[in-house]
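Report on the structure given below.
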Amino acid sequence: VQLQASGGGLVQSGGSLRLSCAASGSTFSALHWGWFRQAPGQEREFVAFITRNGERAMYADSVKGRFTISNDNAKNMVYLQMNSLEPEDTSVYYCAADPWFPSIDYREYDYWGLGTQVTVSS
């Protein structure tokens, strides 16, 4: 399974971005999805996950109320709508997928995209 993330960029504080991630080559009917981020010199950090049926989502406290994760199984895609962005959200954002379990632990995911840079200026 190959994942391709897109939608990153430079935005001012308070602005919005929408990240997308597409899966290709999957033989699974649906995937659990996660978004993580990693700033230079820091650990990879959980942002959000959504179950493959879209019924359950979980968010890091730092993004709760500002970010929304959603998925489209027909297109094998996941999205991360990011509103009210803050300079502290500046990071490389990675999408991840797993056919078996959603998780806040990045080590539980089998498939990863290359990442997309999000930079929020103050």
Side-chain angles (χ1 to χ4, degrees):
V1 179
Q2 292 80 44
L3 304 185
Q4 179 67 53
S6 60
L10 174 63
V11 65
Q12 288 189 330
S13 181
S16 298
L17 283 174
R18 188 192 193 210
L19 304 183
S20 301
C21 180
S24 60
S26 175
T27 59
F28 302 102
S29 58
L31 295 164
H32 301 293
W33 294 94
W35 284 99
F36 294 79
R37 64 189 183 187
Q38 188 169 18
Q42 298 198 11
E43 288 269 336
R44 191 160 295 191
E45 176 189 21
F46 167 72
V47 175
F49 77 62
I50 189 166
T51 54
R52 56 192 173 196
N53 60 10
E55 291 186 352
R56 181 184 172 213
M58 181 174 285
Y59 299 90
D61 287 343
S62 59
V63 307
K64 203 172 293 183
R66 301 188 297 122
F67 291 10
T68 303
I69 188 172
S70 60
N71 62 341
D72 185 337
N73 287 336
K75 296 181 179 179
N76 252 352
M77 293 191 70
V78 66
Y79 308 95
L80 187 68
Q81 178 66 44
M82 304 186 295
N83 299 328
S84 302
L85 282 161
E86 304 166 352
E88 293 73 24
D89 296 314
T90 295
S91 194
V92 177
Y93 283 71
Y94 296 89
C95 60
D98 193 89
W100 312 118
F101 302 106
S103 176
I104 65 171
D105 186 344
Y106 69 89
R107 293 165 293 186
E108 298 291 333
Y109 287 84
D110 286 347
Y111 307 110
W112 288 87
L114 289 179
T116 184
Q117 176 71 46
V118 171
T119 303
V120 185
S121 63
S122 56

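Because the structure is predicted, anything quoted here is derived from the model rather than measured.
In this structure the side chain of Q12 never reaches within 4.5 angstrom of the side chain of L85, judged on heavy atoms. Annotation: side chain of I104 is in contact with side chain of M58 (closest heavy-atom distance under 4.5 Å). At a threshold of 4.5 Å between non-hydrogen side-chain atoms, the residues D72 and Y79 count as touching. Looking only at side-chain heavy atoms (C-beta outward), P99 and D110 come within less than 4.5 Å of each other. Using a 4.5 Å heavy-atom threshold, the side chains of L19 and M82 count as touching. Two residues are said to be in side-chain contact when any heavy atoms from C-beta on lie closer than 4.5 Å; S62 and E45 meet this criterion. Residues Y111 and Q2 have side chains not in contact (no heavy-atom distance under 4.5 Å, counting atoms from C-beta outward).
Checked by atom type and distance alone, the side chain of T90 never pairs as donor or acceptor with a backbone atom of T119 at under 3.5 Å. Put simply, the side chain of N73 never gets that close to the backbone of N53: no donor and acceptor are under 3.5 Å apart. The backbone N or O of S84 lies less than 3.5 Å from a partner atom in the side chain of R66, making a donor-acceptor pair. Side chain of H32 to backbone of T51: no donor-acceptor contact under 3.5 angstrom is found. Formation of a donor-acceptor pair under 3.5 Å by the Y109 side chain with backbone atoms of S103 is found in this model.
Atom CD1 of I69 and atom CH2 of W35 lie 8.0 Å apart (nearest 0.5 Å). We find the CE-OG distance between M77 and S6 to be 6.0 Å, quoted to the nearest 0.5 Å. Here the CH2 atom belonging to W33 is positioned 11.0 Å from the CG atom belonging to D98, to the nearest 0.5 angstrom. The CD1 atom of I50 sits 12.5 Å away from atom CG of L31, with the distance rounded to the nearest 0.5 Å. Taking CG of N76 as the start and OG of S26 as the end, the distance is 5.5 Å to the nearest 0.5 Å.
Under a hydrophobic-cluster definition in which Ile, Leu, Val, Met, Phe, Trp and Tyr are linked whenever side-chain heavy atoms come within less than 4.5 Å, directly or via other members, V63 and V11 are assigned to the same cluster. Cluster annotation: Y59 is connected to V120 through the hydrophobic network of ILVMFWY side chains, with a link wherever side-chain heavy atoms come within less than 4.5 Å.
Among all heavy-atom pairs drawn from Q42 and Q38, the shortest one is O-NE2, 3.0 Å. Heavy atoms only, all atoms of each residue included: S13 and S122 are closest at CB-CA, 4.2 Å. Of all heavy-atom pairs between S16 and N83, the closest is OG-OD1, 2.9 Å. Residues A23 and L3 come closest through the heavy atom pair CB-CD2, 3.5 Å. A pairwise comparison of heavy atoms in V118 and G8 identifies CG2-CA, 4.1 Å as the closest pair.
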*L80 and R37: side chain to side chain contact (heavy atoms under 4.5 Å, CB included), yes or no, with the steps?*
CA-CA 12 Å; L80 187 68; R37 64 189 183 187; over 6 Å; no
_Verdict with reasoning, W100 to F28, per ring-ring contact (aromatic ring centres under 6.0 Å, His included)_ = CA-CA 10 Å; W100 312 118; F28 302 102; 5.6 Å; yes
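Crowding of Q81 atom CD: a count of heavy atoms from other residues, nucleotides or ligands under 6.0 Å exceeding 12. Within 6.0 Å of CG on L10 lie more than 12 heavy atoms contributed by other residues, nucleotides or ligands.
In terms of the salt bridge (charged side-chain N to carboxylate O under 4.0 Å, His left out) criterion, R44 has no residue partners (sequence neighbours excluded). Residues satisfying the salt bridge (charged side-chain N to carboxylate O under 4.0 Å, His left out) test with D105, not counting sequence neighbours, are R107.
Aromatic ring pairs are classed by plane angle as parallel below 30°, tilted from 30° to 60° and perpendicular above 60°; the pair W112 and F36 is tilted. Using a 30° and 60° split on the angle between ring planes, Y93 and F67 fall in the tilted class, from 30° to 60°.
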